[in-house]
2 protein chains.
Amino acid sequence: MTSDTERLLDATGWQILVALQSDARISYSELGQHVGLIAPAVRERIRKFEEAGIITGYHATVNRRLVGLPVSAIIRMGLHASESSAATIAALDSIEEVLECARVMGTDTLILKVGATSIEHLEKLIDRLLVYGPLTSAMVLSTPIERRNVTQAITMQAQTEA
Amino acid sequence: MTSDTERLLDATGWQILVALQSDARISYSELGQHVGLIAPAVRERIRKFEEAGIITGYHATVNRRLVGLPVSAIIRMGLHASESSAATIAALDSIEEVLECARVMGTDTLILKVGATSIEHLEKLIDRLLVYGPLTSAMVLSTPIERRNVTQAITMQAQTEA
DNA sequence: CCTGAAAAAAACGGTTT
DNA sequence: AAACCGTTTTTTTCAGG
């Protein structure tokens with residue numbers, strides 16, 4: 001955390017950040033009432049968060065099951081000797097079923113989260129991915145923790161432990 | 001996809017859904033101009049999406065590195081014979097560093113995404129998680145695909161393939 | 001799904017500390 | 001530099017068709 005950003009992240013700043021993680025469509029006025037500021041002040045704080053790159057976007061979350069993607073899987077993959085990491089990532093970027101992709105250090109090289117309409121669809125997707133490297137697939141049964149807010153507490157906990 | 005939801009998911013409905021995934025704070029008026037509807041009509045469409053559970057929320061995304069959580073890891077875990085899945089999930093739910101958790105079918109039982117302030121913090125977190133079962137950890141080096149919109153195309157592709 | 005009016009919120013500029 | 005205040009403009013909301 002640079003000194004530039006920590007100036008923005010006082011108690012009020014964190015309150016705003018947490019509120020927007022919980023409900024990105026809250027109005028500046030209502031948010032202001034929660035944190036004890038007037039709407040334009042809230043607006044200005046948020047603008048600075050965006051400018052600093054602290055807030056990278058606002059996104060609606062959709063229930064994939066209800067829109068036709070009931071199947072999810074987490075796929076770990078290595079890379080064939082012939083496949084460069086950059087080329088593989090570029091290829092994955094063009095596969096819409098790949099919802100997330102992390103480059104990791106460990107047994108595997110990439111870990112993907114994918115969505116599919118059916119088991120058959122998933123099978124075909126796996127075939128397409130096998131081109132780039134060996135896979136280890138795990139079907140998602142449920143998602144007990146879908147998304148957790150980043151709070152000031154997490155970052156403070158480390159300091160008290162240190 | 002039930003018949004109840006697919007009535008909402010015509011071409012316009014999908015346009016709205018994709019737009020809100022890209023920018024959850026877009027105004028109804030602006031969204032209406034993109035999809036060829038007037039603001040109240042857009043508002044009503046969105047209300048139905050929320051009512052049907054298709055849109056589950058609107059969330060700001062924060063750059064974890066800039067707010068003090070530069071370290072991320074994906075941790076796969078089994079469960080000790082003595083630990084029930086429900087109890088473990090409840091315990092994980094109280095650990096703020098656990099940002100996501102999926103129950104999976106495969107070699108492992110749970111797959112977590114965690115955030116930490118430092119390597120030391122991550123090490124202590126792993127110690128706390130080890131209580132519940134054996135772990136396999138992979139440090140995240142980068143996230144080439146952070147989040148991809150769910151589009152109509154994905155759900156259609158399967159139909160054309162079938 | 002559109003129309004039109006009322007209410008609310010956002011955006012803008014100027015002022016204070 | 002940051003928050004407040006008041007005004008203008010835009011957006012949202014709600015009635016009815």
Side-chain angles (χ1 to χ4, degrees), chain A residues 1-62 66-68 149-152 155-156, chain B residues 1-63 66-68 149 151-152:
Chain A
M1 182 156 50
T2 70
S3 60
D4 210 41
T5 65
E6 69 185 71
R7 183 173 44 79
L8 303 175
L9 289 172
D10 59 357
T12 303
W14 269 107
Q15 283 185 319
I16 293 173
L17 219 46
V18 169
L20 286 175
Q21 286 179 85
S22 293
D23 178 12
R25 284 184 73 83
I26 190 173
S27 73
Y28 300 131
S29 325
E30 188 179 345
L31 188 40
Q33 292 176 347
H34 281 74
V35 305
L37 287 178
I38 208 97
V42 174
R43 175 75 191 94
E44 183 60 13
R45 290 259 199 167
I46 294 175
R47 198 194 58 74
K48 283 176 182 165
F49 280 143
E50 294 166 350
E51 186 186 34
I54 290 177
I55 293 178
T56 58
Y58 306 92
H59 308 286
T61 303
V62 309
L66 293 181
V67 300
N149 288 346
V150 175
T151 67
Q152 187 175 25
T155 70
M156 308 249 288
Chain B
M1 183 155 51
T2 70
S3 61
D4 210 43
T5 65
E6 71 185 69
R7 185 173 43 80
L8 302 174
L9 290 171
D10 59 357
T12 304
W14 270 107
Q15 283 184 319
I16 293 173
L17 219 47
V18 169
L20 287 174
Q21 288 178 84
S22 294
D23 178 10
R25 285 181 71 83
I26 190 174
S27 73
Y28 300 131
S29 324
E30 189 180 345
L31 187 40
Q33 291 176 347
H34 282 74
V35 304
L37 288 179
I38 208 96
V42 174
R43 174 76 190 94
E44 182 60 13
R45 289 261 199 166
I46 293 175
R47 199 194 59 73
K48 284 178 183 165
F49 280 144
E50 293 166 348
E51 186 185 34
I54 290 177
I55 293 178
T56 59
Y58 306 92
H59 309 287
T61 302
V62 309
N63 182 322
L66 293 181
V67 300
N149 287 347
T151 66
Q152 187 174 25

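Here the structure is a predicted model, which means the values were calculated and not measured. We use all heavy atoms of the structure for the numbers below, so side chains are in, but hydrogens, waters and symmetry mates are not.
How far CZ of B:Arg45 is from CG of B:Leu17: 11.0 Å, rounded to the nearest 0.5 Å. Taken to the nearest 0.5 Å, the OG1 atom of A:Thr155 stands 8.0 Å off from the CG atom of A:Leu9. The CD1 atom of A:Ile16 sits 11.5 Å away from the CD1 atom of A:Ile54 when rounded to the nearest 0.5 Å. Rounding to the nearest 0.5 Å gives a distance of 7.0 Å between CD of A:Gln21 and CH2 of A:Trp14.
A straight line from CZ of A:Arg47 to C1' of D:dA3 spans 14 Å, rounded to a whole angstrom. Rounded to whole Å, atom C1' of D:dA2 lies 12 Å from atom CG of A:Leu8. We find that OH of A:Tyr28 is positioned 16 Å from P of D:dT10, with the value rounded to whole Å. We find that CZ of A:Arg25 is positioned 10 Å from C1' of D:dT12, with the value rounded to whole Å. If you take CD of B:Glu44 and C1' of D:dA15, they are 14 Å apart, rounded to a whole angstrom. Atom-to-atom, CG of A:Leu37 to P of D:dC5 comes out at 12 Å; the value is rounded to the nearest Å.
Applying the 4.0 Å criterion to OP1 and OP2 of D:dA2, one finds that A:Arg45 has every side-chain N and O outside that range. The side chain of A:Lys48 contributes an N or O atom lying less than 4.0 Å from OP1 or OP2 of D:dA2. Taking side-chain N and O atoms only, A:Arg7 has a distance below 4.0 Å to OP1 or OP2 of D:dA2.
Salt-bridge annotation for A:Glu51 and A:Lys48: absent, with no side-chain N of the basic residue lying under 4.0 Å from a carboxylate O of the acidic one.
Listed nucleotides: D:dA3, D:dT12, D:dT13. Nearest to the side chain of B:Pro40: D:dT13.
Comparing B:Glu30 and A:Gly36 by the nucleotide of DNA chain D whose heavy atom lies nearest to each, the residue mapping closer to the 5' end is A:Gly36.
Chain A approaches DNA chain C within less than 4.0 angstrom (heavy atoms of the protein), and the contacting nucleotides run 5' to 3' from C:dA9 to C:dC12.
When each of B:Val35, B:Leu20, B:Asp10 is checked for a side-chain contact (heavy atoms from CB on, under 4.5 Å) with B:Gln15, only B:Val35 meets the rule.
Between the side chain of A:Thr56 and the backbone N or O of B:Thr61, at least one donor-acceptor pair lies under 3.5 Å.
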